[in-house]
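Values in this document were obtained by computation on a predicted structure and should not be read as measured data. These numbers come from the heavy atoms of this one structure, side chains and all, not from hydrogens, waters or symmetry mates.
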Amino acid sequence: MSDRGWALRFISGKYQGGEYPIGGTGDLVIGRASDLDMVLIEDMVSRKHAKLHIGPAELTISDLGSTNGTFVNGEKVKTAKLKEGDRILIGTSILKLIAVDKLPGEVVDRRTAQAALEKAAAQKQKSGGERSAVQGRLEEVPLVDLLQLLSTSKKTGAIVIRGIRGGRVHLRKGRVISASVDADPSLPPKKALFRMTTWGQGAFEFVPLEGEQAPMPNEITDSTEILVMEALRQGDDLAVAGLPPPTAAIGIAMPLTAKLRDLQPDEIDLVQLVHNYGVVQAVLDRADASDADTAQKLASLIQRGYLRQF
């Protein structure tokens, strides 16, 4: 008979493919120093980087004043509670908390767990792992995590996304400066970036650029931290039930009994876009506001009787 336990699965970085089981209760200290519980040998990891506290009912992670920070699901944290599926970024490693089977009373041997990590690193290096460290799938490594990783390591180049949808995000020394969606290259860079952060499928590859990144049109000036926070907010807003899906057909309610004079100028502009294009995605593409804000206004106009969804 088995019980449920926890493990950290490395889904990017030097130790990609490795797993570190978590057992019992107490603290597990992570860092570059050789005398710690989990040793990650890489420049972006501090000597004592983070501490995982394993309690009887919950897991928490705390940053230990590291130089480059500890991130959970794309957000920089000091202390955070963890749940199954959460992603932790430490240095260039993204670790996913997974549930595993364990035998009752089974004790995790930290030396064995560390040896397994080193074996995963050696296998990765043997197979040319440096390149694959910046390749993967959005199902495992969402774009917000990838942005934090490349920002921390101050990389210059482009994230190329391929699949049903494609796009590019350009970075200069870890800072996002531009983004484009292949299907609509006319989208403003920030709007394109925020849209791509909602994509849950597709393959990505970071293509490094040797030398300096040339200036690009309409460069984004916000910091990566601000961009990620806004992307997460917009993602949460778009996930709210009741918002019209991008593929929905939409039109002006007939008969139109609500008074047009009661609308704000930006709402009138949306009604005109709906009249001209008739599909939510086309309206999102052409509206000045973000996808999240536009979808919320469309939902409000439907509720107030100005628009209807087919």
Of all the heavy-atom pairs spanning [X] and [Y], show the shortest one and how long it is.
{"X": "Gln201", "Y": "Ile164", "answer": "OE1-CD1, 4.3 Å"}
{"X": "Tyr15", "Y": "Leu117", "answer": "CD2-O, 3.3 Å"}
{"X": "Leu209", "Y": "Glu212", "answer": "CD2-O, 3.7 Å"}
{"X": "Ser66", "Y": "Gly69", "answer": "OG-N, 2.9 Å"}
{"X": "Leu95", "Y": "Met38", "answer": "CD2-SD, 4.2 Å"}
{"X": "Tyr20", "Y": "Ala113", "answer": "CE1-CB, 3.5 Å"}

(message) So, using side chain to side chain contact (heavy atoms under 4.5 Å, CB included) as the criterion, who are the partners of Lys48 when residues are at least two apart?
(response)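 Lys48: side chain to side chain contact (heavy atoms under 4.5 Å, CB included) contacts with Leu36, Leu64.
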(request) Name all residues meeting the side chain to side chain contact (heavy atoms under 4.5 Å, CB included) criterion together with Asp27; count only those two or more places apart in sequence or in a different chain, and write none if there are none. (result)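 Result, side chain to side chain contact (heavy atoms under 4.5 Å, CB included) vs Asp27: Lys51, His53.
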Quick one: side chains of residues 252-262, donor-acceptor pairs under 3.5 Å with protein atoms, not counting sequence neighbours, listed by atom name and distance.
none

(request) Evaluate whether atom CZ of Arg286 has more than 12 neighbouring non-hydrogen atoms of other residues, nucleotides or ligands under 6.0 angstrom away. (result)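 Enclosed: over 12 neighbouring heavy atoms sit under 6.0 Å from CZ of Arg286.
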(message) For Gln309, is the CD atom crowded, meaning more than 12 foreign heavy atoms sit under 6.0 Å from it?
(response)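 Above 12, so yes.
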(message) Between Arg233 and Asp236, does any NZ, NE, NH1 or NH2 come within less than 4.0 Å of an OD or OE carboxylate oxygen?
(response)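 No, this pair does not count.
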(request) Indicate yes or no: does Asp266 engage Lys297 in a salt bridge with an N to O separation below 4.0 Å. (result)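 Judged by the 4.0 Å cut-off on N to carboxylate O distance, Asp266 and Lys297 do form a salt bridge.
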Could you give the distance from [atom1] ([X]) to [atom2] ([Y]), rounded to the nearest 0.5 Å?
{"X": "Leu232", "Y": "Asn73", "atom1": "CG", "atom2": "CG", "result": "8.5 Å"}
{"X": "Arg32", "Y": "Asp43", "atom1": "CZ", "atom2": "CG", "result": "7.0 Å"}
{"X": "Phe204", "Y": "Leu143", "atom1": "CZ", "atom2": "CG", "result": "9.0 Å"}
{"X": "Asp291", "Y": "Leu284", "atom1": "CG", "atom2": "CG", "result": "5.0 Å"}
{"X": "Ser46", "Y": "Ile30", "atom1": "OG", "atom2": "CD1", "result": "12.0 Å"}
{"X": "Asp237", "Y": "Leu243", "atom1": "CG", "atom2": "CG", "result": "8.0 Å"}

(request) Spell out, as yes or no, whether a donor-acceptor pair under 3.5 Å connects the side chain of Gln148 to the backbone of Gly74. (result)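 Such a contact is found between Gln148 side chain and Gly74 backbone.
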(message) Can a donor-acceptor pair be found, under 3.5 Å and without considering hydrogens, that links the side chain of Asp86 to the backbone of Lys83?
(response)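 Confirmed, Asp86 side chain pairs with Lys83 backbone.
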(message) Do Ile268 and Pro265 make a side-chain contact, defined as non-hydrogen atoms from C-beta onward lying under 4.5 Å apart?
(response)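 No, too far: nothing below the 4.5 Å cut-off.
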(request) Taking the side chain as every heavy atom from C-beta outward, state whether Leu52 and Thr60 have any pair of such atoms under 4.5 Å apart. (result)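 No, every pair of side-chain atoms sits at 4.5 Å or beyond.
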(request) Treating Ile, Leu, Val, Met, Phe, Trp and Tyr as nodes and any side-chain heavy-atom pair under 4.5 angstrom as an edge, say whether Phe10 and Leu82 lie in one connected cluster. (result)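 Both belong to a single hydrophobic cluster.
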(request) Dump the intermediate steps for side chain to side chain contact (heavy atoms under 4.5 Å, CB included) on Ile302 and Ile250, then the final yes or no. (result) CA-CA 9 Å; Ile302 292 171; Ile250 193 170; 4.0 Å; yes
(request) Just do the side-chain hydrogen bond (donor to acceptor under 3.5 Å, both in side chains) check on Gln281 and Thr247 with the steps written out, would you? (result) CA-CA 6 Å; Gln281 185 65 69; Thr247 55; over 6 Å; no
(request) Check step by step if salt bridge (Lys or Arg N to Asp or Glu O under 4.0 Å) holds for Arg195 and Asp285. (result) CA-CA 10 Å; Arg195 183 170 296 180; Asp285 290 346; 2.5 Å; yes
(message) Apply side-chain hydrogen bond (donor to acceptor under 3.5 Å, both in side chains) to residues Ser186 and Asp184 and explain how you reach the verdict.
(response) CA-CA 5 Å; Ser186 65; Asp184 192 349; 2.5 Å; yes
With sequence neighbours excluded, tell me which residues meet side-chain hydrogen bond (donor to acceptor under 3.5 Å, both in side chains) with [X].
{"X": "Glu118", "answer": "Gln114"}
{"X": "Asp293", "answer": "Ser290"}
{"X": "Arg9", "answer": "Glu19"}
{"X": "Arg304", "answer": "Glu267, Ser300"}

(request) Given side chain to side chain contact (heavy atoms under 4.5 Å, CB included), test Gln16 with Ser93 step by step and report yes or no. (result) CA-CA 8 Å; Gln16 187 175 6; Ser93 292; over 6 Å; no
Donor-acceptor pairs are to be reported for all side-chain atoms of residues 215-222 against protein atoms at under 3.5 Å, with residues two or more places apart or in another chain.
residue	atom	partner	partner atom	Å
Glu219	OE1	Arg172	NH1	3.1
Glu219	OE2	Arg172	NH2	2.8
Glu219	OE2	Met216	N	2.8
Asp222	OD2	Lys190	NZ	2.6

(request) Could I get the full list of salt bridge (Lys or Arg N to Asp or Glu O under 4.0 Å) partners for Asp269, not counting sequence neighbours? (result)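 By the salt bridge (Lys or Arg N to Asp or Glu O under 4.0 Å) rule, Asp269 matches no residue at all.
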(message) Suppose clustering is done on Ile, Leu, Val, Met, Phe, Trp and Tyr with side-chain heavy atoms closer than 4.5 Å. Which residues sit in the same group as Val160?
(response)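 Joined to Val160, directly or through intermediates: Val207.
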(request) Enumerate the residue pairs fulfilling salt bridge (Lys or Arg N to Asp or Glu O under 4.0 Å) with a member in residues 134-153, sequence neighbours excluded, ordered by first and then second residue. (result)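 Every pair satisfying salt bridge (Lys or Arg N to Asp or Glu O under 4.0 Å) with a residue in residues 134-153: Arg87-Asp145, Lys96-Glu140, Arg137-Glu139.
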(request) Provide the full list of salt bridge (Lys or Arg N to Asp or Glu O under 4.0 Å) pairs with a residue in residues 71-81, sequence neighbours left out, each pair given once. (result)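 Checked against salt bridge (Lys or Arg N to Asp or Glu O under 4.0 Å) - neighbours excluded - the pairs reaching residues 71-81 are Glu58-Lys81.
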